[in-house]
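This report concerns only the one structure given below.
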Amino acid sequence: MQMAKPPERKQWEGNYSEWFHKVIQEVPVYDMRYPVKGTGIWTPYGFKIRKGVTQIIRDELEKTGHDEVLFPLLIPDYMLGKEGEHIKDFEDEVYWVTHGGKSPLDVKLALRPTSETAIYPMFQLWINAYSDLPLKIFQIVNVFRYETKATRPMIRVREVSTFKEAHTAHATREEAEAQVKQGIEIYSTIFSKLKLPYVRTKRPEWDKFPGAEYTVAFDTVLPDGKVLQIGTVHALGQGFSKAFDIKYMKADGNYENVWQTCYGISERAIAALISAHGDDNGLVLPSEVAPVQVAVVPIVYKGKEEEVLKKCYEVRDMLVSAGLRAVVDDRKEVTPGSKYFTWEMRGAPVRIDLGPRDIEAGTAVLVRRDSLEKTTVQMAPIVGEIRKLMSGLDDALIKRSSAWMSARISEVTSVDEVKDVLNKHGGIVEAPWCGDRGCGEDLEAKVDARILGTPYGDSEECNTGIGCVNCGVTAKSTIRIARSY
Ligand code: P5A
Ligand code: ZN
């Protein structure tokens, strides 16, 4: 059994959930006081963080040939019900629109829980010939799921307000298979940019996306040791294209159903970003998504206000023209101490303190958000110094969060060890498994945890030849088990 002692995190680790609620409310990022359960409001600052994240998502998808679209929110019941497996799993989570004013509608309309059944009837109209393929689109929209598990801000909401869904159609199984790999690569890039550690896991048969052939999920570990699924990529095979009759004409004149994939990410990724990096003083944001990268705080003395402020604006203008997102915190009647508190809470990667003495000396004090380390630098090369601090911070964030998560992935060989490890520090345990569903469900009940599935991709390692952790029968693969959100 390998169980390295996890590196120390922060004081709030013991009460992560409280910390998370407090930080998002205090910054504020997200206001959950709206009186409809499972909904929330992106505040102006929260919206800017969200925009930074959606910008990364858009860039990565557009770079890889996906076009952005926008489909209607409403789906007629006969369309939602077309693919049997899909509707079977979603039916308990659908919100219905049944009336227009006082009149009952002829056709009940669902608020989309996801958009396969809205998009694929249009694919049927759009796709005729081989030359129409591949078709690769995405949208970033709100979807509605009547979640019955406990709702949590951003993590499990009933109105998912940042649902990025990509949908693709291909001529052959091989091309669709290659697209699944590309989807996984795109998500890996997105999470790397957010400095988020993850593992990629192929979900078991019984936990795949309804209507899919198989599902590969990205899972991360939150500070309380519980696992959060932050994205999924699904191979859809021809299930939906048969249900929706999406065909193209091949070179020989025969028609074939297209092969499809889809993949999704939501504001969960933003919750994970906040949770992975934040500390007792508030948010710590990677520079790429920080709404304010540099906060300039004037240190004013009586009689020097004008001069100091003027210099602060000058510095800000210089930083902005160098492409940095910089502001001067020129709030009156607010002490520098309170301003430090504000920008630490908001997670600005770098703060500049600027007073009369610095101005005289041609220097400035830079403070890096994660370490709160102070350095005095010359004014002339300040842009380069700031960029260096930001990239140091970005590197530190991924290093620290990866090390923290790696220490919470343990290999075990007995049911007792599974329990011990999960009770001790949560995270993910890996064990040999026979592959049988009944055995899996028995194991889930014994250890009060969920089977995430089998490792996917480079982390794939087969624990074959030894006995299943639960039943002793020869193992077919490694299995991952965790307590999850
Ligand atoms: C893929 C996109 C789908 O819906 N259809 C289109 C596919 N997959 S999924 O796994 O069901 O959802 C994609 C990701 O969305 C996040 N998510 C949620 N986030 C917040 N609140 C919810 N209630 C919620 N439900 C799903 C998950 O990260 C999931 O991987
Ligand atoms: Zn077994």
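We count ligands from 1, going down the list as the structure has it; atoms in each ligand are counted the same way.
Residue contacts with ligand 1: C262 is placed with no nitrogen or oxygen under 3.5 Å of a nitrogen or oxygen of the ligand (distance criterion only). Note: an N/O pair closer than 3.5 Å links E147 and ligand 1 by distance alone.
Distance from atom 19 (N) of ligand 1 to its nearest protein heavy atom, with residue and atom name: S266 OG, 2.7 Å. Nearest non-hydrogen protein atom to atom 5 (N) of ligand 1 is E116 OE2, 2.6 Å. Among all protein heavy atoms, the one lying closest to atom 14 (C) of ligand 1 is G264 O, 3.8 Å.
The closest approach between a heavy atom of F163 and any atom of ligand 1 is below 4.0 Å.
Every atom of ligand 1 with a heavy atom of M154 under 4.0 Å away is listed here by number and element: 20 (C). Taking every heavy atom of I230 and a limit of under 4.0 angstrom, the matching atoms of ligand 1 come to 28 (O).
Side chain to side chain, H167 and Y120 meet the donor-acceptor criterion of an N or O pair below 3.5 Å.
Under 4.0 Å from ligand 1, the heavy atoms of T114 that appear belong solely to its side chain. Contacts between I155 and ligand 1, counted as non-hydrogen atom pairs separated by less than 4.0 Å, involve the backbone only. Residue T232 touches ligand 1 through backbone and side chain together, judged by heavy-atom distances below 4.0 Å.
Judged purely by atom type and a 3.5 angstrom limit, T43 uses its side chain to pair as donor or acceptor with the backbone of V29. Checked by atom type and distance alone, the side chain of E344 never pairs as donor or acceptor with a backbone atom of R346 at under 3.5 Å. In this structure, the side chain of S115 does not engage the main chain of A118 through any donor-acceptor pair within 3.5 Å. R268 contributes a side-chain N or O that, together with a main-chain N or O of I155, makes up a donor-acceptor pair within less than 3.5 Å.
In this structure, SG of C471 and SG of C439 enclose an angle of 120° at the Zn ion (ligand 2), rounded to 10°.
Closest non-hydrogen pair, S188 versus Y198, comes out as CB-OH, 3.2 Å.
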